[in-house]
Amino acid sequence: MDSLAAIVEPLLEWYGRNARSLPWREEPAPYRVWVSEIMLQQTRAEAVKPYFARFLTELPDVPALASAPEQQLMKLWEGLGYYSRARNLQKAARVMVEQYGGTLPADYDALLKLPGIGPYTAGAVASIAYGIPVPAVDGNVLRVVMRLTAGWEDIADPAVKRAVERRMAEILPKDRPGDFNQAMMELGATVCAPGGEPKCLVCPLNALCEGYRQGIARELPVKAKKKARRIEERTVFLLVCDGELAIRKRADSGLLAGLWELPSAEGKLNPEGAAETLQEWGAQPVSIREMPAAKHIFSHVEWHMTGYWVDLTERPEGFTWAERETLQQEYALPSAFRAYLEAFTK
DNA sequence: AACCCGGGGTA
DNA sequence: TACCCAGGGTT
């Protein structure tokens, strides 16, 4: 198949009848489109919905985002993952306030220069919010194109992505770039879906699909395997004093940067090692109880956690203390710790 | 080019 | 389990 030009018309027709109703789609103001696109990076639309609603309520425009306290920002992002997205969102908002009068630049290259905005997001915002004719190639589009063309290229290869961007640019309808880009993604998300059997029988493009004709759509796309996760042992401490729990802020770079955590130490500490660590922290336990093991899986790391419940009557320095309720409402605590806490406390 | 960065859904 | 998800930044 030389050109994919033939897919444009049936795809747009299908999209007009089948587009999901999504909050950022109903009212595609640039700020809303941008925030939604950042949240949607590596994240399913269904997961984004509640976060998007809360975020837009609390931070309704670029200036509000630019001046938001870190604590509020991270709390709004808590549980969504890839927390640098939130920090870059605010960095970009500040650039917009300083350089663009508090609005998003209506220009692909200017968008691309902003923190957190790469080729996909720049294309999505430019085309959806401003009608600028540029492609937006994400995982959905790569999958759809590889199946349409029966292509066995490795979609993990950046050169393959660039080639697909070129092909999309060639056929992009200049009058409806935003609809076209969204239609490709919508098809990939709901019909030409990953995992399991694609719904070729209801696909508006099946008559044009080489992967379907050859019966290999299910096998595509090809993607190079990722490296296996490394395993890290951690020992978590529930330090309890007067009904309050000790937490502390994580380093501002690396995994879960700048979020809060339960005090923890590397390795699987036995009771003697735990006592030693508590001594280093200046904690004088009234009682120590060993807690069950738990596992938390990140995309590239696996934490094997054990823990100790430690009752204290005096508070060592270097920690922040919070009641369960306050912790819940005020502090951004990553899922790994939240799950551990909820599993072993009432 | 390789690695880092979350959390949840799904087969 | 392993893979995927409206990816981007750093080295």
Side-chain angles (χ1 to χ4, degrees), chain A residues 19-20 22-25 28 33-52 74 77-89 91-92 111-129 135-144 154-161 165 168 178 180-190 192-198 218 220-230 250-259 295-303 332-339:
Chain A
R20 288 171 294 179
L22 299 170
W24 46 90
R25 212 172 247 172
V33 172
W34 171 46
V35 171
S36 72
E37 288 299 341
I38 300 299
M39 287 186 171
L40 286 162
Q41 288 170 6
Q42 298 295 290
T43 311
R44 295 169 199 281
E46 283 307 315
V48 166
K49 281 182 181 176
Y51 284 92
F52 181 78
M74 299 321 290
W77 212 268
E78 179 193 58
L80 202 51
Y82 287 146
Y83 298 91
S84 65
R85 291 186 294 175
R87 299 178 186 286
N88 284 332
L89 201 63
K91 284 183 193 167
L111 287 166
L112 192 55
K113 289 191 176 73
L114 293 168
I117 297 186
Y120 162 74
T121 306
V125 173
S127 64
I128 298 168
V137 174
D138 71 338
N140 287 309
V141 177
L142 288 171
R143 181 174 58 257
V144 170
D154 175 11
I155 61 169
D157 181 350
V160 172
K161 187 185 171 193
E165 284 169 346
M168 292 298 98
F180 174 79
N181 286 334
Q182 291 188 84
M184 286 291 286
M185 295 189 276
E186 190 79 355
L187 189 72
T190 63
C192 197
E197 208 70 33
R218 193 191 206 294
L220 298 171
V222 174
K223 190 174 184 181
K225 285 188 176 61
K226 289 176 191 166
K227 210 178 63 173
R229 278 189 292 271
R230 68 176 183 274
R250 292 177 60 83
D252 56 12
S253 68
L255 186 66
L256 305 172
L259 277 70
K295 184 161 67 175
H296 186 84
I297 298 173
F298 299 93
S299 48
H300 57 296
V301 189
E302 202 170 308
W303 274 0
L333 190 71
S335 293
F337 297 104
R338 192 165 291 281

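In what follows, chains are A, B, ... by sequence order, proteins preceding strands, each numbered from 1. In this text the structure is predicted, and so the values were computed from the model without any measurement.
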| task | Could you tell me the separation between the CD1 atom of I38(A) and the P atom of dG8(C), rounded to a whole number of Å? | result | 7 Å
| Side chains of W77(A) and L89(A): does their closest heavy-atom pair fall under 4.5 Å? | yes
| Under a 4.0 Å heavy-atom cut-off, which of residues 116-123 of chain A touch DNA chain C? | G116(A), I117(A), G118(A), P119(A), Y120(A), T121(A)
| task | Answer with yes or no whether the side chains of Q41(A) and R85(A) bring together a donor and an acceptor at under 3.5 Å. | result | no
| request: Have a look at E46(A) and say if it touches a base, only the backbone sugar-phosphate, or nothing, with a 4.0 Å heavy-atom cut-off. | output: nothing
| From CZ (R143(A)) to CE (M184(A)), nearest 0.5 Å | 10.5 Å
| said: Side-chain N or O of R143(A) versus OP1/OP2 of dC5(C): is the shortest distance under 4.0 Å? | reply: yes
| query | Quick one: does R338(A)'s side chain have a donor or acceptor within less than 3.5 Å of a partner on G79(A)'s backbone? | reply | no
| said: I'd like the P distance from dC3(C) over to dC3(B), given in whole Å. | reply: 16 Å
| Expected output: side-chain Y82(A) to main-chain M39(A) donor-acceptor under 3.5 Å | no
| How far apart are the C-alpha atoms of R250(A) and Y83(A), what are their side-chain angles, what is the distance that settles it, and do they pass the side chain to side chain contact (heavy atoms under 4.5 Å, CB included) test? | CA-CA 12 Å; R250(A) 292 177 60 83; Y83(A) 298 91; over 6 Å; no
| task | For residues I155(A) and K161(A), determine if any side-chain heavy atom of one lies less than 4.5 Å from a side-chain heavy atom of the other. | result | no
| Length of the line joining Y51(A):OH and dA6(C):P, which is rounded to integer Å | 17 Å
| Aromatic plane relationship, W303(A) with F298(A) - under 30° parallel, 30 to 60° tilted, over 60° perpendicular | perpendicular
| d(CD1, I128(A); C1', dA6(C)) in whole Å | 8 Å
| request: Pick base, sugar-phosphate or nothing for L22(A), based on heavy-atom distances below 4.0 Å to the nucleic acid. | output: base
| request: Please report, rounded to the nearest Å, how far the P atom of dG7(C) is from the NZ atom of K161(A). | output: 9 Å
| message | Taking any heavy-atom pair under 4.0 Å as a contact, classify N88(A): base, sugar-phosphate, or nothing. | response | sugar-phosphate
| remark: Between CD of E37(A) and C1' of dC5(C) the distance, given in whole Å, is 13 Å
| message | Any side-chain N or O of K295(A) below 4.0 angstrom from OP1/OP2 of dT1(C)? | response | yes
| message | If you compare all heavy atoms of A124(A) against all heavy atoms of A136(A), which two are closest, and at what distance to 0.1 Å? | response | N-CB, 3.6 Å
| Taking the side chain from E186(A) and the backbone from R20(A), do they hold a donor-acceptor pair closer than 3.5 Å? | yes
| query | dA6(C) and dA11(B): how far apart are their P atoms, nearest whole angstrom? | reply | 14 Å
| said: Between P on dC5(C) and CG on L187(A), what's the gap in Å once rounded to a whole number? | reply: 14 Å
| request: Using a 4.0 Å heavy-atom cut-off, write out nucleotides 1-11 of chain B from 5' to 3' as B (base contacted by protein), S (sugar-phosphate only) or - (no contact). | output: ---SBBBBB--
| said: I need the CE-C1' distance between M184(A) and dA6(C), as an integer number of Å. | reply: 13 Å
| field | Rounded P spacing from dT11(C) to dG6(B) in Å | value | 15 Å
